[in-house]
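Residue numbers start from 1 in every chain, and the chains themselves are labelled A, B, ... in the order their sequence lines are given, proteins ahead of strands.
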Number of protein chains: 2
Amino acid sequence: MTTPVVPSHRSQVTRKDVARYAGVSTAVVSYVVNGGPKKVAPGTEAKVQDAIRILGYRPNAAARALKLGSSETIGLVIPDNTNPFFSLLAHAVEDAAAELGFALLLTNSDGNLAKERHNIRNLASRQVDGVVLASVLFEPDLAALEAADIPAVLLNHGSQAAGFNSVGVDLAAGARIAVDHLIGHGHTNIALAMGTNTAGDFDLREEGWLQALAAAGLPEGPIVRGPFSREGGYAVGRRLLAAADRPTAIFASSDMQAIGILRAIHEAGLSVPEDIALTSFDGSAEAEYSWPALTTVEQPVRVMAEAAVEALVGASRGQASEHRTFPTTLRIRHSCGCIAPA
Amino acid sequence: MTTPVVPSHRSQVTRKDVARYAGVSTAVVSYVVNGGPKKVAPGTEAKVQDAIRILGYRPNAAARALKLGSSETIGLVIPDNTNPFFSLLAHAVEDAAAELGFALLLTNSDGNLAKERHNIRNLASRQVDGVVLASVLFEPDLAALEAADIPAVLLNHGSQAAGFNSVGVDLAAGARIAVDHLIGHGHTNIALAMGTNTAGDFDLREEGWLQALAAAGLPEGPIVRGPFSREGGYAVGRRLLAAADRPTAIFASSDMQAIGILRAIHEAGLSVPEDIALTSFDGSAEAEYSWPALTTVEQPVRVMAEAAVEALVGASRGQASEHRTFPTTLRIRHSCGCIAPA
DNA sequence: CTGAAAGCGCTAACAC
DNA sequence: GTGTTAGCGCTTTCAG
């Protein structure tokens with residue numbers, strides 16, 4: 001004999017209870033809860049508000065979502081919210097969404113194609129009103145997005161897919177200023193520590209590095225590729241240090257990689273920027289507290305997040321797809337050699 | 001004349017369409033989609049599956065949530081997902097939830113009481129099936145949770161509130177091993193860099209530090225308090241260095257603070273661990289890549305996240321509230337003086 | 001094994 | 001200003 005499980009249902013009190021208690025119709029309760037679309041007499045409104053408070057009524061979001069066809073929720077699909085760049089993005093998107101009354105469904109894809117696809121589908125079936133997608137793929141599963149007819153904005157996606165909104169920075173330009181800065185310090189052998197995507201996307205940071213070198217009449221330095229992570233950077237750093245023609249400066253395509261490179265350099269008993277100068281990309285908080293602090297190309301993450309959310313569910317929603325590019329800024333700290341380390 | 005907005009409604013195809021297309025009733029479609037509660041003939045099932053595929057049908061989660069009274073979503077309330085400890089927690093909670101078919105609603109409270117309360121309320125009205133709450137408050141808004149009758153688990157909350165599940169580590173024990181380790185290195189003047197909560201909660205890490213010192217017959221070292229952040233740690237570090245009786249070792253209550261302290265020490269031209277040894281708390285990834293790498297008390301975040309989700313929506317849900325404490329492990333790296341920095 | 005139908009809580013016509 | 005009510009898409013009991 002199994003004991004019947006008491007459902008212990010939450011939010012038992014519905015708008016009907018409130019209506020009864022306040023002696024009005026359910027429509028009126030709706031009107032006061034939503035502040036419209038009809039006006040309610042002040043006295044009635046007060047009665048309803050009292051009933052709501054006394055009964056402890058909270059609207060059922062699922063019912064509302066069903067009726068309205070909108071969950072007032074947006075989805076975020078990122079590779080890994082543990083990466084400082086994405087954690088800041090997540091926070092900023094959450095803030096921007098909350099500002100508009102939207103909640104944030106967070107999903108990590110872990111650089112995994114299947115997982116990303118699953119996350120997109122899952123979000124779609126959850127009636128999210130939009131998704132911001134920082135894909136790990138060259139060809140993200142845009143089809144799923146289109147099929148679901150759900151607004152999306154792509155973040156920093158190289159190939160600006162037609163029909164989709166996107167926000168991003170000019171990766172090539174950002175890389176250029178980082179490399180130019182190194183060139184300004186007199187370096188002529190400047191390596192590139194390039195992050196690898198899951199797919200064979202040609203990253204524009206690589207192009208920027210190339211452009212800067214070419215513009216200065218400098219030879220191409222070594223390129224070493226590895227994951228966009230501290231570990232990846234560490235491995236890349238060791239390889240760079242072991243090279244016959246060791247570079248005197250390195251441009252890393254992400255702060256995380258630079259952190260790893262820093263470790264490799266320290267372990268080799270070398271110092272930054274004296275033996276090897278370093279600049280990187282992202283402008284995450286961690287880059288400010290490394291030793292030495294990293295000179296890095298900062299992406300305006302908060303602004304980008306706001307633009308993304310705005311495009312999705314703000315006033316401008318539903319407009320023709322557009323690509324918004326934001327400017328980067330070089331944060332000059334110690335790793336480039338500009339400022340003595342303290 | 002305003003152009004009428006075309007709603008462009010997503011997921012137009014409903015279970016009714018599928019039923020019609022497959023020549024069955026809507027109930028049957030439900031049965032195959034959910035794998036129950038009734039059995040369906042193989043032939044029929046195939047027809048339905050085809051119809052689903054061809055029509056591109058995806059179930060409407062809002063309708064399901066309304067019917068079932070469960071959104072298959074859990075909420076996470078943390079101070080700041082930008083903090084490595086919480087970002088790992090968020091990722092782990094997301095993974096554990098996804099494993100069970102639940103999605104994760106992320107909210108940041110930014111150490112703000114009102115925001116935390118708002119987040120809890122908001123999650124409750126969104127019919128989440130549970131919330132894991134890492135509060136910044138001494139007295140989190142448990143009332144809101146109770147009123148909503150929504151399962152919750154508190155994370156690392158000192159005062160184990162009656163009637164609530166909680167998961168956490170033994171903060172005092174963790175602090176003790178970190179301080180004992182410093183004592184083992186021969187230090188006798190060991191400072192405490194203590195993080196501050198919003199409220200006046202007495203943190204057990206402070207107690208652990210005290211206990212270790214007392215057990216070794218050592219005098220209390222200086223205590224300096226500041227926010228649980230890199231900046232907070234930096235300020236704390238500078239104060240500690242300026243002290244008349246400068247400590248030879250510091251125990252920091254979080255990795256972030258230790259990172260800030262490291263910077264303060266570097267800037268003072270001192271080295272770790274030679275001039276000052278350092279241990280900290282959390283075991284975040286960033287601690288592994290600082291220079292020198294931090295010896296830190298690692299919290300088993302993934303395990304804790306799994307336990308929290310399990311308590312909320314797993315098989316054991318609905319049981320009497322319990323408090324689960326997990327063991328910490330000392331990760332010995334370079335900042336304590338054990339291992340030469342490479 | 002399959003179908004009909006009630007109803008989850010809410011919104012917003014539409015009627016008064 | 002307020003009330004009635006249809007119906008959003010789904011699950012599941014109950015009847016065949």
Side-chain angles (χ1 to χ4, degrees), chain A residues 4 7-49 51-52 55-72 124-127 129 148, chain B residues 4 7-48 51-52 55-72 101 124-127 129 148:
Chain A
S8 141
H9 265 308
R10 51 190 84 54
S11 191
Q12 311 92 324
V13 26
T14 76
R15 146 236 68 175
K16 194 186 252 173
D17 300 310
V18 175
R20 188 178 10 243
Y21 189 94
V24 300
S25 78
T26 61
V28 172
V29 179
S30 258
Y31 301 151
V32 350
V33 169
N34 303 329
K38 294 285 182 59
K39 287 218 166 302
V40 173
T44 315
E45 157 137 27
K47 271 191 302 186
V48 173
Q49 294 288 20
I52 288 176
L55 266 24
Y57 168 75
R58 270 168 314 96
N60 181 319
R64 189 181 155 86
L66 175 58
K67 182 68 184 173
L68 265 14
S70 155
S71 57
E72 307 201 299
S125 84
R126 282 170 185 275
Q127 267 54 56
D129 297 295
Chain B
S8 141
H9 264 307
R10 50 190 83 54
S11 190
Q12 311 90 326
V13 25
T14 76
R15 149 235 68 178
K16 193 186 254 172
D17 300 309
V18 175
R20 189 177 11 243
Y21 189 93
V24 300
S25 79
T26 61
V28 173
V29 178
S30 259
Y31 301 151
V32 350
V33 168
N34 302 328
K38 294 285 181 59
K39 289 219 166 301
V40 174
T44 314
E45 158 137 25
K47 272 192 303 189
V48 173
I52 288 176
L55 265 26
Y57 167 75
R58 273 170 309 96
N60 180 319
R64 190 181 154 85
L66 175 58
K67 184 66 185 171
L68 265 10
S70 155
S71 57
E72 306 202 297
S125 84
R126 283 170 184 275
Q127 267 58 54
D129 297 295

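- With values rounded to the nearest 0.5 angstrom, B:R20 atom CZ is found 10.0 Å from B:R15 atom CZ.
- Taken from CZ in B:R64 to CZ in A:R126, the straight-line distance is 9.5 Å, to the nearest 0.5 Å.
- Residue B:R64 has a polar side-chain atom (N or O) positioned under 4.0 Å from OP1 or OP2 of D:dT11.
- Rounded to a whole Å, the CZ atom of B:R58 is 10 Å from the P atom of D:dC10.
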Please assess B:V48 against B:V40 for the test side-chain contact (heavy atoms from CB on, under 4.5 Å), listing each intermediate value before the final yes or no.
CA-CA 10 Å; B:V48 173; B:V40 174; 5.8 Å; no
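- In this structure, CG on B:N60 lies 9.5 Å from OG1 on B:T14, to the nearest 0.5 angstrom.
- A straight line from NZ of A:K47 to P of D:dG1 spans 14 Å, rounded to a whole angstrom.
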Counting primed atoms, P, OP1 and OP2 as sugar-phosphate and everything else as base, the B/S/- map of nucleotides 1-8 of chain C against protein heavy atoms under 4.0 Å is SBBBB-BB
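- No donor-acceptor pair closer than 3.5 Å links the side chain of A:S70 to the backbone N or O of A:D129.
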